[in-house]
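Presented below is the structure to which this report refers.
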Amino acid sequence: MARPRSFLWSRRIFLTLLTGFVLVPVYVMVSSSLKPLADVTGKFRWFPSGLTVRPYIDIWSTVPLARYFANSLIVAGAATLLSVLIAVFAAYAVSRYDFRGKRVFTVTVLSTQMFPGILFLLPLFLLYVNIGNATGIALFGSRGGLILTYLTFSLPFSIWMLIGYFDSVPRDLDEAALVDGCGPLGALLRIVVPAAIPGIVAVAVYAFMTAWGEVLFASVMTDDTTRTLAVGLQGYSTLYDVYWNQIMAASLVVSVPVVAGFLLLQRYLVAGLTAGAVK
């Protein structure tokens, strides 16, 4: 049965408004990043009178953006890699084996997502400082401490999502691998992991985005040498002026890795999230 014309027009209007709601802020960011500072701080104009790429050049000298960029890449990349590695083995064990406390472990992993991150800020701060004083291992103010912090937040959800995805992989594949001479580790790495690539990619994207855009812990657990992008962008706001055009330009630049990664991996991401949600 054909849908009524009123429904089709209503859908078109809604999608048009939704598209405008999404694209208008992006247009404002792009146009503001191409304006001189005087034009940005003056009366707003939808169509700039003059365009300049100077803000994209100045963002690297106003603040040490390259160092912040490197810190974010190292921290987010390491947290993502560790989260994926640990989640794969933990989720496979829960999915394929029965052991005492399995249900308690699964519920505990999922229940950690109920608590807001700010509740862990002071305990982690005190823990890192005391560990540094007792052992000399510098966790506070270091990339290692920030990686460990982000790992604690991304790992529980990663394990839970991969458990659902591994459950969707037939156990017959494992049994066939064992018959052919593979051990449990070989069956995981050669059979299950290739079949679960969409779920693993979804976990990796989630862990990377969690670490890339986090502000609260990065503002407390870092210093001038280990500061990440999310905190470093505050440097464009000084006591005497706010470089709005450079802030917009830097915001667009730091969004490139996330947007590019999402566009390249969206096929796997959608499949992985769908399977994890169903299971």
Side-chain angles (χ1 to χ4, degrees), residues 73-115 117 120 124 139 143-214 217 257-258 261-262 264-279:
L73 284 177
I74 293 172
V75 171
T80 300
L81 180 62
L82 291 174
S83 182
V84 169
L85 287 177
I86 298 174
V88 164
F89 289 102
Y92 182 75
V94 174
S95 175
R96 291 299 193 263
Y97 299 100
D98 292 325
F99 54 88
R100 182 177 298 177
K102 175 180 176 179
R103 182 174 179 82
V104 174
F105 173 79
T106 306
V107 173
T108 302
V109 166
L110 188 58
S111 64
T112 58
Q113 303 301 302
M114 297 189 306
F115 303 99
F120 302 99
L124 282 176
L139 292 178
R143 296 187 186 126
L146 200 58
I147 292 171
L148 186 61
T149 300
Y150 292 155
L151 182 63
T152 60
F153 293 112
S154 62
L155 187 58
F157 183 79
S158 301
I159 294 175
W160 176 77
M161 189 161 62
L162 277 184
I163 289 174
Y165 204 92
F166 284 163
D167 286 342
S168 66
V169 177
R171 293 174 179 258
D172 295 341
L173 295 177
D174 302 51
E175 297 174 358
L178 294 175
V179 171
D180 289 341
C182 288
L185 183 60
L188 169 63
L189 298 180
R190 296 182 181 182
I191 305 298
V192 179
V193 168
I197 287 297
I200 295 174
V201 169
V203 166
V205 172
Y206 166 77
F208 186 85
M209 293 183 65
T210 299
W212 185 261
E214 202 279 329
F217 287 87
V258 177
F262 180 81
L264 292 174
L265 302 174
Q266 61 176 336
R267 178 165 59 92
Y268 299 103
L269 179 62
V270 172
L273 290 175
T274 302
V278 172
K279 291 294 179 180

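Note: hydrogens, waters and symmetry copies are ignored here, and every other heavy atom, side chains too, is used. Note that this is a predicted model, so its numbers are computed, not measured.
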*Should the ring pair W160 and F157 be called parallel, tilted or perpendicular, given that the plane angle runs from 0 to 90° and is split at 30 and 60?*
tilted
_Closest non-hydrogen atom pair between Y150 and A79, with its separation_ = CB-CB, 4.1 Å
*Quick one: closest heavy-atom pair of I147 and I74, and the distance?*
CD1-O, 4.3 Å
*With sequence neighbours excluded, what pairs up with T80 under the side chain to side chain donor-acceptor pair (under 3.5 Å) test?*
none
*Is the shortest heavy-atom distance from the side chain of L151 to the side chain of I86 under 4.5 Å?*
yes
_Worked verdict on V88 versus L188 for side-chain contact (heavy atoms from CB on, under 4.5 Å)_ = CA-CA 9 Å; V88 164; L188 169 63; 4.2 Å; yes
_Gap between atom CD of E214 and atom OG1 of T149 - 0.5 Å precision_ = 8.5 Å
*Could you list the residues that satisfy ring pair (Phe, Tyr, Trp, His ring centres under 6.0 Å) with F217, not counting sequence neighbours?*
F153
*Does anything in residues 73-98 pair up under salt bridge (charged side-chain N to carboxylate O under 4.0 Å, His left out), and if so which pairs, sequence neighbours excluded?*
R96-D174, D98-K102
*Measure across Y92 and Y97 and return the closest heavy-atom pair with its distance rounded to 0.1 Å.*
CE2-CE1, 4.0 Å
*Just how far is it from atom CG of L124 to atom CG of L139, taken to the nearest 0.5 Å?*
10.0 Å
_To the nearest 0.5 Å, what is the distance between CD1 on I200 and OG on S158?_
11.0 Å
*asked:* Distance check, rounded to the nearest 0.5 Å: D167 atom CG versus L162 atom CG?
replied: 10.5 Å
*List the atom of I191, the atom of P194, and the distance in Å for their closest heavy-atom pair.*
O-CD, 3.5 Å
*Are F89 and L185 side-chain neighbours, meaning at least one heavy-atom pair lies under 4.5 Å?*
yes
*In Å and rounded to the nearest 0.5 Å, what is the CZ to CZ distance from F99 to F105?*
6.5 Å
*Going from OG on S95 to OH on Y165, what distance comes out if it is rounded to the nearest 0.5 angstrom?*
12.5 Å
*Which is it for S154 and T210 under the side chain to side chain donor-acceptor pair (under 3.5 Å) test, yes or no, and what are the steps along the way?*
CA-CA 7 Å; S154 62; T210 299; over 6 Å; no
